[in-house]
Amino acid sequence: MISEIDVNDMKALYDLDKGTHFKLSPTEYAQVPPDSLDFTQNDVFKYMGVDGMYSKCYDSLGNLHHFAAWTKVVPWVI
């Protein structure tokens with residue numbers, strides 16, 4: 001059972017439109033490249049596109065993160 005989030009609401013990161021805000025799935029581990037910045041699982045991120053197998057996303061503080069393009073996320077309205 002997933003609290004608050006329906007499985008049908010989840011999408012792969014590469015399916016989002018540029019500029020969409022999202023939260024990471026609470027049930028899956030987000031894959032990132034080695035030496036990536038730490039991130040907060042519950043933060044709201046902004047999707048800016050895919051570059052190879054990783055994405056370009058900004059957290060609420062403006063830090064750049066590179067989640068795997070297939071990461072399951074929940075689109076979020078701010």
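The shown structure was predicted, so the numbers you read here are calculated from the model rather than taken from an experiment.
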Please report the closest heavy-atom contact between [X] and [Y], naming both atoms and the distance.
X   : Y   : answer
D38 : H65 : O-CE1, 3.4 Å
S25 : M10 : OG-SD, 3.6 Å
S36 : P33 : OG-O, 2.5 Å

- request: May I ask you to list the residues sharing a hydrophobic cluster with Y58, side-chain cutoff 4.5 Å, ordered by chain and number?
  value: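 Y58 clusters with M48, L64.
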- prompt: Using a side-chain heavy atom cutoff under 4.5 Å and only I, L, V, M, F, W and Y, what cluster partners does L37 have?
  reply: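 L37 shares its hydrophobic cluster with no other residue.
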task: Could you pull out all residues at least two apart from F22 that satisfy side-chain contact (heavy atoms from CB on, under 4.5 Å)?
output: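 Residues passing side-chain contact (heavy atoms from CB on, under 4.5 Å) with F22: L13, L16, L24, F45, Y47, C57, F67, V73.
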message: Once side-chain contact (heavy atoms from CB on, under 4.5 Å) is applied, do any residues pair with S60, and if so which ones, sequence neighbours excluded?
response: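 Applying side-chain contact (heavy atoms from CB on, under 4.5 Å) to S60 gives D43.
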- prompt: With a cut-off of 6.0 Å (strictly less than), are more than 12 heavy atoms of other residues, nucleotides or ligands near NZ of K23?
  reply: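 Counting other residues, nucleotides and ligands, NZ of K23 exceeds 12 neighbours.
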message: When you compare the side chain of Y14 with that of T71, does any pair of heavy atoms fall below 4.5 Å?
response: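 The answer is no; the side chains never approach within 4.5 Å.
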task: Not counting sequence neighbours, which residues clear side-chain hydrogen bond (donor to acceptor under 3.5 Å, both in side chains) with H66? List them please.
output: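 Applying side-chain hydrogen bond (donor to acceptor under 3.5 Å, both in side chains) to H66 gives none.
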task: For N63, check side-chain hydrogen bond (donor to acceptor under 3.5 Å, both in side chains) against everything at least two apart and list the hits.
output: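 side-chain hydrogen bond (donor to acceptor under 3.5 Å, both in side chains) list for N63, sorted by chain: D59.
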